[in-house]
Amino acid sequence: MSHRVLHHRAGEPHAYAPHPHHDWVAEHAAQRHPDDDEAYAADPPPASTRRKRTASDVARVPARQDFTLGHGAWQVRIGPVAFWICVGTLVIMAGWAGITATYFAFHDDVLARLIARQAAMQFAYEDRIAEMRAQVDRVTSRQLLDQEQFDRRLDQIAKRQAALEARSSSLGALTDPAITGATKPTTRAITPRDAQPKPAPISGTTFIAPAAERYAALTEPGAAGALARLQDSLDHVEARQTASLNALEKAYDGNIKRMRGVLADLGLSAAARSATEGTGGPFVPYRLASAASPFEQQVHRIAIVRAQVDKLAHTIATVPLRQPVTGELDPSSGFGVRIDPFLNRPAMHTGIDFRGSTGEAVRATASGTVTAAGWSGGYGRMVEIEHANGVSTRYGHLSEIDVKVGQTIRLGQVIGRLGSTGRSTGPHLHYETRIDGEAVDPDRFLRAGVKMGITQFP
């Protein structure tokens with residue numbers, strides 16, 4: 001018996017020939033033992049028992065694809081699974097070999113790129129760190145600058161506060177002269193808030209911000225707002241000082257004009273000195289510094305005006321402008337020609353008679369020196385006081401005399417008591433004013449006192 005063996009080359013399908021005893025093999029396959037193959041080969045079944053294989057039988061048998069690898073007489077036959085395992089293994093090895101070769105071929109370039117990338121990242125980090133350091137430096141510099149500005153503004157405010165305190169001292173020294181009581185104290189006018197002048201800067205260069213900007217600065221929190229509020233407070237202090245200084249200068253100017261007008265109306269000289277005045281000393285010129293501020297210039301002007309007011313006040317204090325008795329005056333006889341009460345003939349009355357009660361205090365209408373104190377004919381008990389500018393006053397019909405000749409008299413000092421001594425018809429005061437010995441109407445002086453607002457004693 002011969003067997004037909006088919007060799008299959010790689011890539012060719014198998015061809016199967018019908019086997020004469022296929023059916024018998026199919027029927028006895030389940031009971032067949034491996035040893036039966038050898039028996040089958042030695043003694044095949046008879047031909048009568050074998051059935052001819054048909055095409056349908058061939059179709060029902062699954063096709064098997066084998067691969068044969070050969071070189072010359074040497075051939076190897078493998079199955080498809082093993083074949084593809086070998087192919088996959090070869091592909092993987094080839095890929096690994098290619099990757100390894102590429103790695104070794106481009107090893108230096110890869111390292112260079114990695115180093116360059118690391119260097120770039122390092123430079124980027126260093127740049128970022130440098131930028132952050134620069135930001136920190138800028139913030140620190142800004143803080144230092146803000147601190148310097150804060151210190152500078154604080155120093156300016158401290159200097160300004162010291163200057164305002166010095167201004168307050170200067171204003172305190174420029175008070176209205178009241179040592180003589182010759183002028184009525186000037187009432188301080190209250191300036192409306194809207195009419196108050198803006199603060200006059202000490203240096204003349206301070207900028208007054210608009211209301212909106214000042215409000216925004218005042219409401220700003222932190223140190224800047226505190227400085228703004230302190231600055232605003234100093235502005236108000238400076239405004240009040242400026243207003244007071246302007247009011248004081250205006251008051252001094254008014255007093256000078258009023259006192260000079262009174263002296264001119266009375267025909268007296270403002271430059272005359274009292275005989276009782278004791279003054280002197282070396283001459284030291286009063287000069288203003290060339291770099292003086294506007295405030296100092298105004299203080300200089302007011303100081304000069306104040307000195308003039310002070311001198312005029314001393315002069316006015318020696319002029320008999322006040323009433324010789326307190327209360328409302330009750331004149332019984334005026335100055336000039338009248339009918340003599342005893343002789344009923346025209347006579348010259350050299351003074352003014354004021355009714356009063358016996359024992360009522362009689363006061364000196366101006367400062368001076370007593371030149372007569374005693375009985376004097378028709379005057380009865382009489383006191384005469386010499387004042388400056390050749391002016392003198394006489395007080396007659398006194399019931400008592402409280403001074404003596406040569407005594408220095410102050411304004412308003414009690415010199416005696418009202419009475420009816422001498423040529424008198426009843427208790428009254430005979431009051432005279434004389435200039436260089438000539439009797440003048442005392443009413444001129446009393447009206448001047450009313451004009452000055454100093455009729456009563458302080």
Side-chain angles (χ1 to χ4, degrees), residues 7-14 62-161 203 205-235:
H7 297 277
H8 173 71
R9 296 182 182 274
E12 295 181 358
H14 290 280
R64 181 179 178 183
Q65 294 181 355
D66 294 334
F67 296 91
T68 302
L69 302 175
H71 180 72
W74 180 80
Q75 294 180 348
V76 178
R77 186 177 180 181
I78 61 176
V81 175
F83 174 77
W84 287 113
I85 289 175
C86 293
V87 171
T89 302
L90 291 176
V91 171
I92 291 173
M93 292 178 66
W96 179 259
I99 292 173
T100 304
T102 303
Y103 172 74
F104 283 106
F106 298 98
H107 177 265
D108 295 337
D109 295 338
V110 172
L111 289 179
R113 284 196 295 271
L114 290 175
I115 294 173
R117 183 178 179 183
Q118 292 293 332
M121 293 177 62
Q122 182 179 358
F123 291 152
Y125 285 133
E126 291 178 353
D127 293 341
R128 179 61 178 168
I129 292 174
E131 182 180 356
M132 295 179 66
R133 287 179 177 174
Q135 292 179 357
V136 172
D137 292 340
R138 286 195 296 270
V139 172
T140 304
S141 300
R142 182 62 182 175
Q143 291 178 348
L144 291 176
L145 182 61
D146 293 342
Q147 183 67 30
E148 291 179 357
Q149 292 178 352
F150 177 82
D151 294 340
R152 190 181 304 111
R153 291 186 60 186
L154 188 61
D155 183 64
Q156 291 176 354
I157 290 176
K159 291 181 179 178
R160 187 179 182 190
Q161 184 178 5
S203 60
T205 58
T206 301
F207 173 73
I208 304 301
E213 297 181 7
R214 290 175 64 85
Y215 178 77
L218 292 176
T219 56
E220 184 179 357
L227 289 178
R229 289 187 289 272
L230 182 58
Q231 185 75 23
D232 185 70
S233 177
L234 293 180
D235 289 341

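Interatomic distance, Met93 CE to Thr89 OG1, rounded to the nearest 0.5 Å: 8.0 Å. With rounding to the nearest 0.5 Å, the separation of CD1 in Ile115 from CD in Gln118 is 9.0 Å. One distance of note links CD of Gln135 with OG1 of Thr140; it measures 11.5 Å at 0.5 Å rounding.
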**Message:** Is there a side chain to side chain contact (heavy atoms under 4.5 Å, CB included) between Arg142 and Arg138? Walk through the geometry before answering.
**Reply:** CA-CA 6 Å; Arg142 182 62 182 175; Arg138 286 195 296 270; over 6 Å; no
